[in-house]
Amino acid sequence: MSNKKVNLLGYSLKSLEDFFNSIEEPKFRAKQLIKWIHQKGVLDFDEMSDLNKNLREKLKSIALIKPPQIEEVHKSSEGTIKYLIKLESGSMVEMVRIPEKKRITLCISSQAGCALQCTFCATGAQGFERNLSADEIIGQLWLANFSDKKNSPITNVVFMGMGEPLLNFIPVIESAKLMKEQLAYGLSRKRITVSTSGITPQIDQLCDEVDVSLAISLHAPTDQLRDEIVPINKKYPISELINSCKKYLLNYDGKRSITIEYVLIDGVNDSEELAIKLAKLLSNISCKINLIPFNPFDGSNYRRSKQNNIEEFKKILMNKGFITTLRVTRGDQIDGACGQLVGKLKKSIKGKKLIPHKSI
Ligand code: SAH
Ligand code: SF4
């Protein structure tokens, strides 16, 4: 039956070559197929004109190419689009398309929910459902590029949606390889960022598998505070995390830097003293710092830092020589930070009261 067919959407070039080998077909078929799927957006074997009829029939009997489904589309006035994606199992994840001047960034999910329970995160508040497969991860990029012919192609991908990518290592690697593949999306490593809360064994393994940019969700410069707001810190404390960052950087030329993400929460991690500690902690790491004003959501008692505290925090880091950016909070009206839309949907289903969203 169709659900026993293998879904080829998530196969990297190497995996497709192995697949064709296993069905006694020449290797070059993998290159043809990968271009049809990821450059032309074609899912139907019958439309693949350079595959002969016998091969198309053979493929149809054992394989399919199937992306997940777009369930809802929410547009904000500044052009950000948030998609609610339904997986075959019924789980929901989110992806966000963020157009900027020269680039279009796609924020994708790697897990449905997340087990790590960072105290400021709407995804963490939902708990963990399951890992996404490679086809469900690359399927998000496929949908962003091909589900609507009017869409311009995505130029940058960030694994900053729902879930902890390094706890779903193999599918994340496989999909990142496809993003980089010249015959597929051809994105350079600078255009693919894996964001992690600090799973150090996998940070150490990452560069053996695929060369992508790394973002670390630090959020606190001391173990005492980080244990509280990013609980995985109890398992992988800051000293280990900093060591893994150094190892990552040593693998590459001196030009590489890491992005440090720091969510600013009023009265929790936004004092001048902590800014100074942060600068000291990062003094030997080639990095740039991205400050993210906390995005409030239902059920959280945290508040976004006050504007003058944000400015002061930033100034301290800049004065210490760090390139420091402040993330513009976009898409507030569509529950900007990932996990918030699914969180709302779940709550509304529980309470049997659907909160209407502006859908198109
Ligand atoms: N699990 C990974 C990637 C997904 S979270 C990680 O933690 O890095 C992506 C980013 O969004 C992280 O830096 C996370 O800290 C941030 N984030 C989560 N909830 C947020 C909120 N309510 N407001 C602002 N940023 C948030
Ligand atoms: Fe998981 Fe990242 Fe949210 Fe923490 S911030 S709960 S690691 S998704």
Side-chain angles (χ1 to χ4, degrees), residues 80 82 93-96 98 105-132 137 140 157-169 172 175-176 192-200 202-203 206 212-220 225-236 241 244-245 258-266 268-270 287-305 310 325-332 334-344:
T80 303
K82 191 159 199 164
V93 294
E94 298 174 17
M95 71 171 186
V96 189
I98 309 156
T105 302
L106 188 70
C107 175
I108 60 171
S109 294
S110 56
Q111 299 181 314
C114 181
L116 300 188
Q117 299 193 312
C118 301
T119 52
F120 49 82
C121 175
T123 304
Q126 290 162 41
F128 177 70
E129 262 178 63
R130 71 169 176 84
N131 280 325
L132 266 57
I137 299 174
Q140 295 169 63
V157 176
V158 293
F159 283 82
M160 292 184 188
M162 298 173 76
E164 169 48 57
L166 295 189
L167 288 181
N168 187 17
F169 198 61
V172 164
S175 57
I192 304 169
T193 302
V194 170
S195 171
T196 177
S197 55
I199 313 297
T200 56
Q202 274 72 32
I203 298 174
L206 189 62
V212 287
S213 299
L214 185 64
I216 302 288
S217 291
L218 192 60
H219 311 313
L225 179 58
R226 197 165 191 267
D227 279 355
E228 193 190 306
I229 63 178
V230 184
I232 193 67
N233 192 68
K234 291 180 201 144
K235 190 162 179 194
Y236 306 118
L241 182 52
S244 289
C245 290
I258 290 174
T259 302
I260 301 290
E261 294 163 278
Y262 197 103
V263 172
L264 284 166
I265 312 166
D266 186 34
V268 174
N269 65 350
D270 62 349
C287 64
K288 39 186 198 282
I289 303 171
N290 191 205
L291 300 175
I292 315 166
F294 169 70
N295 218 324
F297 57 96
D298 284 353
S300 169
N301 295 325
Y302 288 147
R303 285 179 313 268
R304 181 175 294 177
S305 295
I310 294 177
T325 51
L326 184 61
R327 189 179 296 171
V328 197
T329 44
R330 311 177 80 188
D332 282 11
I334 51 165
D335 307 305
C338 259
Q340 300 189 4
L341 203 58
V342 170
K344 215 164 206 176

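Counting starts at 1 for both ligands and their atoms, in listed order.
Between the OH atom of Tyr262 and the CD1 atom of Ile289 there is a distance of 10.0 Å, given to the nearest 0.5 Å. Remark: Tyr236 OH to Thr196 OG1 distance equals 9.5 Å, nearest 0.5 Å. Note that CG of Asn301 is 12.5 Å distant from CG of Asp266, once rounded to the nearest 0.5 Å. Note: Ile265 CD1 to Ile229 CD1 = 5.0 Å, rounded to the nearest 0.5 Å. Here CG of Asn295 is found 12.0 Å from CZ of Phe120. Values are rounded to the nearest 0.5 Å. The structure places CG of Asp270 at 3.5 Å from OG of Ser305, a figure rounded to the nearest 0.5 Å.
Contacts with ligand 1 closer than 4.0 Å are made by backbone heavy atoms (N, CA, C, O) of Thr196 only, the side chain lying farther away. Residue contacts with ligand 1 for Asn295 involve both N, CA, C or O and side-chain atoms from C-beta outward (heavy atoms, distance under 4.0 Å).
In this structure, the side chain of Asn290 does not engage the main chain of Thr259 through any donor-acceptor pair within 3.5 Å. One N or O on the side chain of Glu164 and one on the backbone of Ser197 form a donor-acceptor pair closer than 3.5 Å. Looking at Ser109, its side chain does come within 3.5 Å of a backbone N or O of Glu94 through a donor-acceptor pair.
Per-residue contacts place Glu261 under 4.0 angstrom from the following atoms of ligand 1 (heavy atoms of the residue considered): 10 (C), 12 (C), 13 (O). Annotation for ligand 1: atoms under 4.0 Å from non-hydrogen atoms of Phe294 are 21 (C), 22 (N), 23 (N). In summary, the atoms of ligand 1 found under 4.0 Å from a heavy atom of Phe159, numbered by their order in the structure, are 3 (C).
Checked by atom type, the side-chain pair Glu261/Ser195 shows a donor-acceptor distance below 3.5 Å.
Around atom 3 (C) of ligand 1, the closest heavy atom drawn from Gly163, Ser217, Ser300, Gly198 belongs to Gly163. For atom 14 (C) of ligand 1, the nearest non-hydrogen atom from the set His219, Gln111, Met160 comes from His219.
For atom 4 (Fe) of ligand 2, the neighbouring protein N/O/S atoms at less than 2.8 Å, given as residue and atom, are Cys118 SG.
Taking a 4.0 Å cut-off on heavy atoms, Tyr302 fails to register as neighbouring ligand 1.
Among all non-hydrogen protein atoms, the one lying nearest atom 2 (Fe) of ligand 2 is Gly163 O, 4.5 Å.
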